[in-house]
Amino acid sequence: VQLQAFGGGLVQPGGSLRLSCTASGFEMKVYSIGWFRQAPGKEREGVSVLSYRDGRKYYSDSVKGRFTISRDNARTTVYLQMDSLKPEDTAVYYCARSPYYITPSTDWRGGRTFDSWGQGTLVTVSS
């Protein structure tokens with residue numbers, strides 16, 4: 001079981017990046033896939049999650065309206081489109097899988113419902 005996140009880099013404030021998450025060793029389409037981030041000296045933060053059963057999308061308040069999670073038609077890749085980036089978005093971004101059906105009442109942001117994590121990709125927002 002392996003998840004891999006890539007697509008990070010250096011971008012100026014107001015710019016955009018698209019992160020990708022791919023999986024091996026399991027079928028991504030039967031798992032909810034989430035994106036998390038961790039900035040230096042800060043706790044890990046749930047950014048967004050895509051629920052596998054109904055495709056519903058959830059976002060943290062800090063990124064709502066700026067980030068968009070999506071998946072390809074083959075359900076082999078999950079993307080995180082990040083627009084209007086701010087310096088405070090600087091962090092290592094991780095993708096993770098959850099075997100649970102995510103609902104509005106699921107406490108997904110803490111990451112406890114996720115059982116496998118990929119290595120991170122660094123996003124730096126700076127002028």
Side-chain angles (χ1 to χ4, degrees):
V1 173
Q2 188 173 9
L3 289 145
Q4 184 172 0
F6 55 96
L10 173 64
V11 62
Q12 292 187 340
S16 298
L17 275 177
R18 188 176 79 161
L19 305 183
S20 300
C21 177
T22 60
S24 60
F26 69 97
E27 287 191 87
M28 186 178 274
K29 63 183 179 182
V30 297
Y31 287 86
S32 298
I33 302 296
W35 284 97
F36 294 79
R37 67 186 182 186
Q38 188 164 22
K42 295 189 176 181
E43 292 189 356
R44 184 181 62 200
E45 173 190 14
V47 174
S48 182
V49 64
L50 180 63
S51 185
Y52 82 90
R53 184 181 297 182
D54 55 9
R56 290 184 70 171
K57 304 170 185 180
Y58 302 91
Y59 300 92
S60 67
D61 289 343
S62 61
V63 306
K64 197 174 296 182
R66 300 187 299 120
F67 290 12
T68 304
I69 192 170
S70 64
R71 61 188 172 194
D72 66 343
N73 289 335
R75 301 190 182 186
T76 60
T77 304
V78 172
Y79 304 100
L80 185 68
Q81 177 67 39
M82 305 185 295
D83 298 318
S84 302
L85 282 162
K86 305 174 182 180
E88 52 263 44
D89 294 317
T90 295
V92 176
Y93 284 71
Y94 302 87
C95 59
R97 76 171 196 184
S98 172
Y100 298 102
Y101 168 44
I102 306 297
T103 72
S105 63
T106 303
D107 181 18
W108 60 271
R109 292 170 182 79
R112 286 182 292 274
T113 59
F114 294 80
D115 64 359
S116 185
W117 297 76
Q119 95 295 347
T121 186
L122 176 64
V123 173
T124 303
V125 184
S126 175
S127 55

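Counting from 1, the numbers follow the sequence of the chain as shown.
Here the closest heavy-atom approach between residue Ser16 and residue Asp83 is recorded as OG-OD1, 2.7 Å. Scanning both residues, Gly34 and Phe114, for their nearest heavy atoms gives N-CE2, 3.6 Å. Between Pro104 and Arg56, the shortest heavy-atom distance links the atoms CG-NH2, 3.7 Å. Between Ala91 and Ala39, the closest heavy-atom pair is CB-N, 3.8 Å.
A donor-acceptor pair under 3.5 Å is formed between the side chain of Arg66 and the backbone N or O of Ser84. In terms of modelled atom types and a separation under 3.5 Å, the side chain of Thr68 and the main chain of Gln81 share no donor-acceptor contact. Between the Arg97 side chain and the Asp115 main chain, no donor and acceptor come within less than 3.5 Å of each other. Proximity of a side-chain donor or acceptor of Glu43 to a complementary backbone N or O of Gln38 within less than 3.5 Å is not detected.
Note on Asp89 versus Lys86: no salt bridge recorded, every NZ/NE/NH1/NH2 to OD/OE distance being 4.0 Å or above.
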>> Let's go through Asp54 and Tyr101 carefully: what are the C-alpha distance in whole Å and the side-chain angles of both, what is the deciding distance for side chain to side chain donor-acceptor pair (under 3.5 Å) to 0.1 Å, and is it a yes or a no?
In response: CA-CA 8 Å; Asp54 55 9; Tyr101 168 44; 2.8 Å; yes
> Given the rule in the side chain to side chain donor-acceptor pair (under 3.5 Å) test, do Ser60 and Ser62 qualify, once you have shown the distances and angles that lead to the verdict?
Replying inline: CA-CA 5 Å; Ser60 67; Ser62 61; 3.0 Å; yes
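Note on Tyr58 and Tyr94: same hydrophobic cluster, where clusters join Ile, Leu, Val, Met, Phe, Trp and Tyr whose side-chain heavy atoms are under 4.5 Å apart, directly or indirectly.
Between Trp108 and Phe36, the two ring planes are perpendicular [angle over 60°; tilted spans 30° to 60°].
The structure places CD of Gln119 at 5.0 Å from CD of Gln4, a figure rounded to the nearest 0.5 Å. Atom OG1 in Thr76 sits 10.5 Å away from atom NZ in Lys29 (nearest 0.5 Å). The OG1 atom of Thr121 lies 14.0 Å from the CZ atom of Arg37; values are rounded to the nearest 0.5 Å. Within the model, atoms CZ of Arg71 and NZ of Lys57 stand 8.5 Å from one another, a figure rounded to the nearest 0.5 Å. To the nearest 0.5 Å, atoms OG (Ser32) and OH (Tyr52) are separated by 7.0 Å.
Clustering of Ile, Leu, Val, Met, Phe, Trp and Tyr side chains at separations under 4.5 Å places Val30 together with Val1, Leu3, Val11, Leu17, Leu19, Phe26, Met28, Tyr31, Ile33, Trp35, Val47, Leu50, Tyr59, Val63, Phe67, Ile69, Val78, Leu80, Met82, Leu85, Tyr93, Val123, Val125.
No hydrogens or angles considered: nothing links the side chains of Ser126 and Thr124 as a donor-acceptor pair under 3.5 Å.
Atom CZ of Phe6 is surrounded by more than 12 heavy atoms from other residues, nucleotides or ligands within 6.0 Å.
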